[in-house]
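Input: a single structure, listed below in structure tokens.
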Amino acid sequence: MSKSVGFSYGWVVVGLGALMTCVAFGSMLSLAVFLQPISEAMGWSRSGVSAAATIDFLAMGLAAFFWGTLSDRFGTRIVVVSGTLLLGAGLIGASQATSLWQFQLAFGVLIGIAAGSFYAPMVAVASAWIEHRRSLAVALVSAGMGVSPLTVAPFASWLITSYDWRTAMLVIGIVALALLIPASLLVRRPPEPSTPAAANGTGAPDGQWTVTQALRTPQFIILACAHFACCAAHSGPIFHLVSYAMICGIAPLTAVTVYSLAGFSGLGGRLLLGMLADRLGAKHVLVGGLFVQALSIATFLAVGQLGEFYALSVVFGLAYGGVMPLYAVLVREYFGVRIMGSMFGAVSAFASLGMALGPLAGGWVFDAFHAYNWLYVGSFAIGMAAVAVALSFPSAKRPPQPSQDLGRATA
């Protein structure tokens, strides 16, 4: 394969990744739109329905490392094909659920496992295809999640208004299969890296990490903790944004536009912060983005009018959307492309645990206090903790050499 052909198809892979993350995460996060209709139609508590989202992120976290390892070993195509089939099964099964546990099993477990098969593997394969402007490429794959509130959420809201929640979820499941099966079959393995330094991390030009070595490094531990706190901070405000806006007197369909605007801003944030990271470095941009995210979460306590919601959703979306791809860039810089699927899958597992906290915590706060104030107070505190952890990122270092490993083994 010539370099020009590889370069051009690399951006095709980036586009496929963006489509997959849009459909998969849009389908999963559309539960924010389904929350009130399902609760009213089925008589289930909001915390019970919200628990499906918590299960989603727990299942996604547990599956992410597994999918990433499979992707490193067998290629990304088989992973995303398998995830597509699970995603369709989960959506169609959830649309037919007659009890809460059935809904939580289908929408929570199946869709959560499926979602884990797309993000980390597609980020890893896109990063392997693109050697230059890698931060932008990773940001574009991640941008699919930013597009999803502009596509899947309004589509779900229109279907619910026109029909009912069951029909809406069934249709989304069928559309997801129709879009993602052909896209998955177009994914190709990347060409071999042009240089040894490109194959390893920027801090490891002379050797290669093993997964076991990498999992014991301070780089991995701090990255995982920062991603966990970042996602724990914004997951509740994102998931309950539609419900919070409705409590403040915003009409249901208009409240969805607030959520969609935040998602659109997240798309812009991914591109903006991705380009800044190529110029300024991922760590510095990440710290700034996390600080803006925490401040915008706290500001939700002071808004109540539609215009205020729109303005804040822009800032919030820019921040939380922009920081998400930067963790993948740092994983790539620290550990290289050869084990990136495994390592980013492991980091994403911690992020998923953080994402799992917000929906359930928000549902519990609302059921207990009939308001969301304490959700935003707690999320702000966790957001500031994410800033502190990100500030402590160590520099990249070289992996242990074979002689060092032998010395450890015989010690």
Side-chain angles (χ1 to χ4, degrees), residues 6-29 60-61 63-88 111-131 133-148 151-152 176-177 179-191 227 266-267 270-271 274 321 324-332 335-349 351-352 355:
F7 175 86
S8 62
Y9 202 81
W11 291 105
V12 172
V13 172
V14 169
L16 294 172
L19 173 64
M20 291 177 190
T21 56
C22 173
V23 175
F25 283 87
S27 300
M28 186 175 74
L29 297 176
M60 183 171 68
F65 179 71
F66 169 76
W67 288 122
T69 302
L70 286 183
S71 179
D72 286 340
R73 183 168 298 181
F74 300 111
T76 306
R77 180 186 296 172
I78 186 63
V79 169
V80 293
V81 168
S82 302
T84 296
L85 297 177
L86 280 176
L87 178 67
I111 292 179
I113 293 174
S117 72
F118 295 103
Y119 184 48
M122 288 305 299
V123 163
V125 74
S127 177
W129 271 98
I130 307 297
E131 291 188 19
R133 302 193 66 80
R134 185 174 293 121
S135 295
L136 178 60
V138 171
L140 288 171
V141 174
S142 176
M145 289 185 282
V147 174
S148 63
T151 53
V152 182
L177 289 171
L179 289 174
L180 296 190
I181 288 177
S184 299
L185 296 175
L186 292 173
V187 176
R188 296 182 187 174
R189 286 183 179 270
H227 210 353
L267 170 60
R270 285 171 168 83
L271 300 179
M324 294 302 285
L326 302 182
Y327 298 99
V329 176
L330 288 168
V331 169
R332 174 65 173 79
F335 305 114
V337 69
R338 189 179 60 85
I339 61 170
M340 185 178 174
S342 300
M343 295 309 301
F344 189 53
V347 171
S348 297
S352 298
M355 291 296 293

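Source: prediction; values computed, not measured.
Remark: F25 pairs with no residue by the ring pair (Phe, Tyr, Trp, His ring centres under 6.0 Å) rule, at least two apart or across chains. With sequence neighbours excluded, the residues forming a side chain to side chain contact (heavy atoms under 4.5 Å, CB included) with A63 are W67, I113, listed by chain and number. Contacts of A346 classified as side chain to side chain contact (heavy atoms under 4.5 Å, CB included), with partners at least two apart in sequence or in another chain: F65, L215, F220. Partners of A114 by side chain to side chain contact (heavy atoms under 4.5 Å, CB included), not counting sequence neighbours, listed by chain and number: L86, L87. Contacts of F344 classified as ring pair (Phe, Tyr, Trp, His ring centres under 6.0 Å), with partners at least two apart in sequence or in another chain: Y119. In this view, T76 and S71, V80, P121, M122, V125, V187 satisfy the side chain to side chain contact (heavy atoms under 4.5 Å, CB included) rule, not counting sequence neighbours.
Here the CE-OG distance, from M343 to S348, works out to 10.5 Å after rounding to the nearest 0.5 Å. R188 contributes atom CZ, which lies 8.5 Å from atom CZ of R77 (distance to the nearest 0.5 angstrom). Between atom CE of residue M28 and atom CE of residue M60 there is a gap of 4.5 Å, rounded to the nearest 0.5 Å. With values rounded to the nearest 0.5 angstrom, Y9 atom OH is found 6.0 Å from L16 atom CG.
Smallest separation of non-hydrogen atoms from V79 and G75: CG2-O, 3.7 Å. The two residues P325 and R270 make their nearest non-hydrogen contact at CG-CG, 3.8 Å. Scanning all heavy atoms of the two residues, the minimum distance from A126 to V141 falls at CB-CG2, 3.8 Å. Closest of all the heavy-atom pairs between T84 and S184 is OG1-OG, 3.3 Å. Nearest heavy atoms, R189 versus R73: NH2-O, 4.1 Å.
With V23 as the partner, the side chain to side chain contact (heavy atoms under 4.5 Å, CB included) test is satisfied by one option alone out of L177, L180, T151: L180.
Taking 4.5 Å as the limit, every side-chain heavy atom of F118 sits out of range of all side-chain heavy atoms of L19.
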